[in-house]
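Structure first, then comments.
Model, not experiment: these values are computed from the prediction.
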Amino acid sequence: MKIYDAIIVGAGHNGLACAAHLARKGWTTCVLEQSSAIGGAVRTEPFTLPGYRHDFGAMNLSLFAGSAFHKLYADELKLHGFALAPASDCFASVFPDGRWFGVSTDLEKTVARLARLSERDAEAWRRLVAAFPGEAALIFAVLGSPMTARALAGLAWKAWRSAGVGGALKLVRLLLSSPRAWLDQQFENDAVKATLAAWGMHLDFAPDIAGGAVFPYLESMAGQAFGLVIGKGGADTMIRAMEGMLQADGGVIRTDARVEQIIVENGRATGVRLAGGETLQARRAVVATVAPRALAAGLLPNGSGDAAFDKAARDFRHAPGTMMIHLALDGLPDWSAGAELQRFAYVHLAPSLDMMARTYQQAIAGALPDEPVLVVGQPTAIDPTRAPDGKHVLWVQVRVLPAEIRSDAASRIAPDTWDVVKDAYADRALAIIERYAPGLSKKILGRAVFSPLDLERANPNLVGGDQICGSHHLSQNFLFRPVPGFAGWNTPVAHLHLAGAATWPGAGVGAASGFMLAQQLGGR
């Protein structure tokens, strides 16, 4: 029987970050991945045609570039090939009447675009940008801190010392506000509001859901202040670099190694059993980077010993699903609103807050939305190495879809399984893009469609196609993520820890939960 200090179940970025930091601390670590490739949702493959590299899920690596893990290990990651391609034109939204608004790192460009829509909003933007450094320090301190009583007390003290009671209350209000409430306080123009509100839809926050305001705020201000980065050659540059770093420190990664059971003896996790019967022993920790339901549904067949925890794990709520459409193109979309849009990393097609709210409600009710929220990624506008010379790839996220289809809000597609309807629904999404970029269909050289069901098949953590591994609504965030009383990556089983996007601080490629857990286990 092979014995390690720590066994990590799942080779996504959180699992790799946890293993890499523990290995640097001298722990013997083994990462087990059930699929044939590591990376989880952060993968880059030629899904359409040879020579066209498509990011399976995550494309934007800004969170990782700004993460505590990268800050500590930037030199080592670079040594193992980590490379970024920066975008100064970050994100934009286009509207049916031909208007558009986009955020670029050049403040005067952004403000000029705003002024065409609203002089008042242009001034509001300048005020927000000026205040961002101070407010961001507090927000990032919250998002980068463990959810423990001691840490929270320290954050409260820091907020009071740096911002006073008024500033602390302002932060709390932002964290509790809905996107619409915050946007209505800041701006008057509907196009500006819609452009920023689209970021809430990335994290399961329709315009009127409490707790969602912080994401439009952070994404818009961070884009303005820092820009946006994608992986040079593909998002998997971070995965390959973490793999190299871990292996250089003696860590082991095994693929095609499905964990069938976490072995528990006398209330303590002591190892794992793989499909096929092989067992591995863990002296100090077993770390599962899985959706909570996976613990209750199989990895702990006899339960955790805490009935309330087991029920909460089974009841963990997942966000609506996503479809991914990958296109190999003969050229970038010809946006009718203007050629300048071809320079942006992201173009959102989500023309109003009311449309986003309607789309979300349709999906929650099990209906195929008549007008889904589309996130159109143009990675080869930033990084031409992802396609042959003169060619391009398009990364299309169709957000907020039902896991199980009960009806079609447009009454055109008969309810059926995703395997049956995915191509018809992909056609609907592409027809929407065609309205904003006429002639797109003639540029398509190859296409690959991943339905919500396909996403879950590729990565079981994406339950129902939920790319963020769990709703971030207030009842399942902060101290309540993933389960009340277990926000510190702990479980009722001694030496068994839960990390990944389902745990605090949630989704994104910042590797925060895996890294903070590793710091906790390894004594910083």
Side-chain angles (χ1 to χ4, degrees), residues 10 12-15 34-35 39-43 55-60 63 198-206 209 211-212 215 288-298 312-325 356 359-369 372-375 395-406 417-419 421-422 425-426 429 449-477 480-483 498-510 513:
H13 61 280
N14 276 294
Q34 71 171 24
S35 72
V42 185
R43 292 162 37 204
D55 290 338
F56 174 72
M59 180 182 118
N60 178 2
L63 272 178
W199 281 110
M201 301 297 280
H202 285 245
L203 280 176
D204 188 33
F205 283 102
I209 295 177
F215 301 106
T289 60
V290 301
R293 291 182 188 179
L295 290 179
R314 288 192 299 270
D315 293 342
F316 184 80
R317 291 184 300 104
H318 281 273
T322 303
M323 171 182 281
M324 292 300 307
I325 304 174
M356 287 181 253
T359 297
Y360 188 87
Q361 187 55 47
Q362 288 171 345
I364 292 297
L368 292 170
V373 171
L374 301 182
V375 187
W395 175 98
V396 181
Q397 234 179 19
V398 188
R399 296 215 67 97
V400 195
L401 301 176
E404 296 183 4
I405 303 165
R406 299 174 189 166
T417 65
W418 272 112
D419 287 338
V421 310
K422 73 175 183 180
Y425 199 75
V449 178
F450 291 84
S451 74
L453 181 58
D454 293 328
L455 295 181
E456 183 174 354
R457 286 171 177 152
N459 183 344
N461 283 351
L462 309 182
V463 177
D466 167 19
Q467 284 195 321
I468 58 174
C469 199
S471 170
H472 289 64
H473 295 179
L474 289 175
S475 61
Q476 195 171 273
N477 207 3
F480 307 111
R481 191 170 189 88
V483 172
L498 187 63
T503 68
W504 174 256
V509 295
S513 68

Testing the basics here: between [X] and [Y], what is the closest heavy-atom pair and its distance to 0.1 Å?
| X | Y | answer |
| --- | --- | --- |
| A313 | A296 | CB-CB, 4.3 Å |
| N14 | S513 | OD1-OG, 3.0 Å |
| P292 | P482 | CG-CB, 3.9 Å |
| A502 | V290 | CB-O, 4.3 Å |
| L498 | A288 | CD1-O, 3.2 Å |
| H13 | G508 | NE2-O, 3.0 Å |

Is the side chain of [X] donor-acceptor paired with the backbone N or O of [Y] at a distance under 3.5 Å, no angle test?
| X | Y | answer |
| --- | --- | --- |
| W418 | P402 | yes |
| N461 | T289 | yes |
| D454 | S451 | yes |
| W395 | M59 | no |
| R481 | P505 | no |

Is it true that D419 and R457 make a salt bridge, defined as a side-chain N closer than 4.0 Å to a carboxylate O? yes
Distance in Å, Q362 CD paired with R406 CZ, rounded so as to fall on 0.5 Å steps: 14.0 Å
How long is the span from the CD1 atom in I405 to the NZ atom in K422, to the nearest 0.5 Å? 11.5 Å
Side-chain heavy atoms of [X] within contact of [Y], under 4.5 Å:
| X | Y | answer |
| --- | --- | --- |
| P320 | I364 | yes |
| V42 | F56 | no |
| T322 | L455 | yes |
| P372 | V400 | no |

Using the side chain to side chain donor-acceptor pair (under 3.5 Å) criterion, which residues pair with N60? Sequence neighbours excluded. S62
How would you list, by chain and number, every residue that makes a side chain to side chain donor-acceptor pair (under 3.5 Å) with T359, sequence neighbours excluded? none
Over 60° means perpendicular and under 30° means parallel, so classify the ring planes of Y360 and H473, tilted if in between. tilted
Over 60° means perpendicular and under 30° means parallel, so classify the ring planes of F215 and H472, tilted if in between. perpendicular
Please tabulate, one pair per line, all N/O donor-acceptor pairs under 3.5 Å involving side-chain atoms of residues 462-470, not counting sequence neighbours.
unit_1	atom_1	unit_2	atom_2	d
D466	OD1	I468	N	3.0
D466	OD1	C469	N	3.3
D466	OD2	H318	ND1	2.8
D466	OD2	A319	N	3.1
D466	OD2	C469	N	3.4
D466	OD2	G470	N	2.5
Q467	OE1	Q397	NE2	2.7

Among L374, D204, V375, exactly one meets side-chain contact (heavy atoms from CB on, under 4.5 Å) together with R399. Which residue is that? V375
